[in-house]
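Before any comments, here is the structure.
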Amino acid sequence: MVRVGGLALGVLLLLIRPSSTASSSRLLLDLGLCGLLIAALVRYAIIADQLETGLYFLEPIDVVLGVGALIVLLEMARRMVGLPLVLVCLAGIIYGLLGDRLGGMLSHAGMTLPDMIFTLWYSFDGVFGRPLAVVVSTIVIFIIFGALLEVLGAGEVLLKLAMRSLGWLRGGAAHAAVLASALFGSVSGSAVANVVGTGVVTIPMIKRSGFSARFAGAVETAASSGGQIMPPIMGAVAFIMADLTGIPYLYICLAALVPALLYYGSLLACISAEARRIGIERPDPATLPRLNGRDWLMLSVFAVPLGLIILLLVGGKSPALAGFWATVTALILGLLFNPETRSLTKLKELVTTAASASATILVAVGAVGIIVGIMNLTGLGLRFATAAQMLSDGSLLMSLVLMALACLVLGMGMPTVPAYLIIILIMGPAVEALGLPTVAAHLFVVYFAVMSAVTPPVALAAFAAASIAQANPIGISVTAVRLALIGFLVPFAFAFNPSLLLITDFSITEFCWVLLRLAVAIWCLAVFPARGMVWTLASVAAAVCLVLPSIPLQLAAMVLTSAAELTSRRFGTVTYRSDSPKSSC
């Protein structure tokens with residue numbers, strides 16, 4: 001009831017929502033899709049008891065309606081998530097039907113259309129599998145929580161708090177934008193939504209402080225994308241990870257904490273270096289916004305529910321229950337402290353935002369269930385893992401590089417959750433077989449699925465920021481990659497040094513050594529690129545050497561970077577690019 005009903009409700013909500021621009025043919029198509037889905041659901045309800053006993057064989061009408069339901073699901077995935085996810089699903093279906101004709105390791109035993117439809121639609125191994133169950137039972141309540149905070153006006157207060165906390169630094173507006181995006185991005189769970197939600201305020205603010213439009217858009221892109229790796233909510237992907245791995249949710253948050261702090265610390269360092277390069281001075285503290293009594297009350301709308309989530313989780317309550325009480329608490333406090341939200345217009349905005357976001361992730365994860373079902377039927381995941389092991393020749397580094405590339409390619413066209421699920425189910429067994437801890441493998445995939453939002457040529461978050469910053473989206477994406485370079489290196493660091501995650505194979509010596517190396521890498525990536533292309537390439541090479549599991553390379557990189565910096569300063573050869581703020585990257 002929960003899985004099937006939840007997905008059905010999400011699809012129907014998306015189909016019947018009003019639109020002032022829809023043509024008559026589009027309306028007829030939507031009505032046809034609604035009728036097809038309802039017919040499939042009615043048939044599902046009729047045979048549900050027999051399906052539960054496992055003694056039912058599909059009739060032709062069941063196959064027809066099952067195919068129709070999958071068509072509806074894929075069409076909604078195309079509309080809400082994009083064509084790449086649909087193409088991957090279609091490739092999986094074609095492989096399931098015709099893969100027995102392929103030779104070599106890709107061949108499987110073969111299956112009929114009824115067998116496939118039974119698994120994909122009428123069982124809990126396909127569309128209605130565990131990922132959808134986690135979304136319906138846990139993640140939806142946190143999506144509602146994020147939408148509620150946005151409607152109640154918590155985002156504006158977080159921006160004021162961020163400006164008051166970090167606005168006194170050189171380039172303070174950009175620092176404040178990073179803090180605000182990190183706080184709100186953890187709850188929102190979508191890089192694009194975070195860019196649109198906070199960027200309308202932060203991007204003009206960064207431009208006014210003296211940074212170029214391109215740099216302002218890149219800061220917001222990198223900061224908003226990183227919200228999904230920032231505990232405690234982590235954009236809801238942590239809940240799916242906890243279900244797949246069996247690792248407690250709080251342990252996953254603890255494991256993600258240090259890498260996330262390193263990521264945002266690197267962003268702040270890059271901003272400071274850019275501000276120094278183009279001559280931005282510290283702002284006058286008197287010009288910074290002050291939080292009045294009402295602001296502190298509104299801040300409690302964000303802080304109290306977040307603290308309540310942590311307390312309930314520590315107390316052993318389920319994430320869903322913690323999210324429910326946090327949502328109730330935020331609603332009560334918001335209505336109490338912000339009279340402007342006590343209107344039917346705000347209620348409509350809340351329902352619309354929460355329903356659309358929830359339905360979108362339901363459709364996305366339901367479509368991923370098609371791929372999961374095909375992998376279960378054909379054994380493709382195990383064969384792919386074997387092939388990856390053969391290709392990497394037992395090298396953990398090569399396996400990680402293959403997985404990172406796969407994450408970036410798949411993640412470019414779809415949200416973090418479906419990209420994470422597809423890659424971890426296909427590649428996860430391969431890297432875990434080489435000795436990588438389970439939590440490290442899963443966080444590795446999450447990081448690169450997140451980084452795909454800033455990686456050209458797709459870079460969905462950069463395109464969202466470009467419309468606000470009035471700058472070239474590819475230019476924003478390239479600059480965002482430069483700012484977020486540490487996000488591409490930290491996953492390799494905790495893969496080779498699990499102590500960075502705090503919860504597995506912890507060694508204080510290893511932890512301190514990897515922190516020192518990453519600190520030097522952050523310094524290189526922040527300071528050197530401002531001096532020219534040669535310095536930029538040298539900084540990237542040094543940062544890579546500092547992450548690789550070779551002590552001679554690590555020591556050589558630290559010595560050479562220190563020597564280069566000291567020599568440059570001693571002989572006065574440190575120069576900075578002279579491009580103006582309007583054209584700088």
Side-chain angles (χ1 to χ4, degrees), residues 1-10 13 124 128-152 154 183-190 227-257 299-337 347 350-351 353-362 364-366 416-417 420-421 439 442 446 503:
M1 287 291 290
V2 174
R3 300 187 197 192
V4 180
L7 178 64
L9 183 61
L13 281 174
F124 288 152
F128 304 113
R130 285 175 58 190
L132 186 72
V134 177
V135 172
V136 174
S137 63
T138 302
I139 294 179
V140 165
I141 189 64
F142 284 92
I143 293 174
I144 296 172
F145 176 56
L148 179 63
L149 290 178
E150 183 180 351
V151 171
L152 292 175
L183 292 173
F184 202 75
S186 179
V187 179
S188 73
S190 168
Q228 295 171 89
I229 57 175
M230 174 59 73
I233 307 300
M234 295 178 63
V237 73
F239 300 114
I240 292 183
M241 193 188 306
D243 183 77
L244 290 178
T245 62
I247 299 172
Y249 168 76
L250 285 178
Y251 279 45
I252 290 175
C253 289
L254 180 62
L257 180 60
L299 188 61
S300 68
V301 176
F302 178 83
V304 172
L306 210 58
L308 182 61
I309 289 173
I310 297 173
L311 285 176
L312 289 174
L313 290 174
V314 171
K317 304 300 182 183
S318 69
L321 186 63
F324 171 76
W325 286 116
T327 303
V328 171
T329 304
L331 180 62
I332 294 172
L333 293 176
L335 293 176
L336 184 63
F337 299 143
L347 177 62
L350 168 62
V351 172
T353 303
S356 179
S358 301
T360 299
I361 195 170
L362 282 167
V365 175
T416 303
V417 170
Y420 157 72
L421 283 170
V439 65
H442 283 252
V446 170
I503 68 169

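Here, residue 1 is the first one in the sequence, and each next residue gets the next number.
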Check your understanding: Taking atom OG1 of Thr138 and atom CD1 of Ile143, what is their separation to the nearest 0.5 Å?
Key -> 11.0 Å

Study note, to complete from the structure: One should read off an interatomic distance between Trp325 CH2 and Phe145 CZ, to the nearest 0.5 angstrom, of 14.5 Å

Review point. If we only count heavy atoms from C-beta on, is the Pro319 to Leu313 side-chain gap below 4.5 Å?
Key: yes

Point to revise | Heavy-atom closest contact (Val304 atom, Leu333 atom, distance) | key: CB-CD1, 3.9 Å

Check your understanding: Side chains of Leu362 and Leu9: does their closest heavy-atom pair fall under 4.5 Å?
Key -> no

**Study point:** Exercise: identify the closest heavy-atom pair between Met234 and Ile229
**Key:** CG-C, 4.2 Å

**Study point:** Atom pair OG1/OH of Thr245 and Tyr251 - distance to nearest 0.5 Å
**Key:** 12.5 Å

**Study point:** Least distance between heavy atoms, Gly366 atom then Leu132 atom
**Key:** N-CD1, 4.4 Å

Review point. If every non-hydrogen atom of Ala330 is compared with every non-hydrogen atom of Leu148, which pair is closest and at what distance?
Key: CB-CD2, 3.9 Å

Check your understanding: Roughly how far, to the nearest 0.5 Å, is CD1 of Ile141 from OG of Ser358?
Key -> 9.0 Å

Check your understanding: So which heavy atom on Ala359 is nearest to which on Gly10, and how close?
Key -> CB-O, 3.4 Å

Practice item. Determine the minimum heavy-atom distance between Ala255 and Val439, stating which atoms define it. Key: CB-CG2, 4.1 Å

Point to revise | Spacing of Ser137 atom OG and Phe239 atom CZ [to the nearest 0.5 Å] | key: 10.5 Å

Study note, to complete from the structure: When rounded to the nearest 0.5 Å, the distance separating CG of Leu250 from CD1 of Ile309 is 11.0 Å

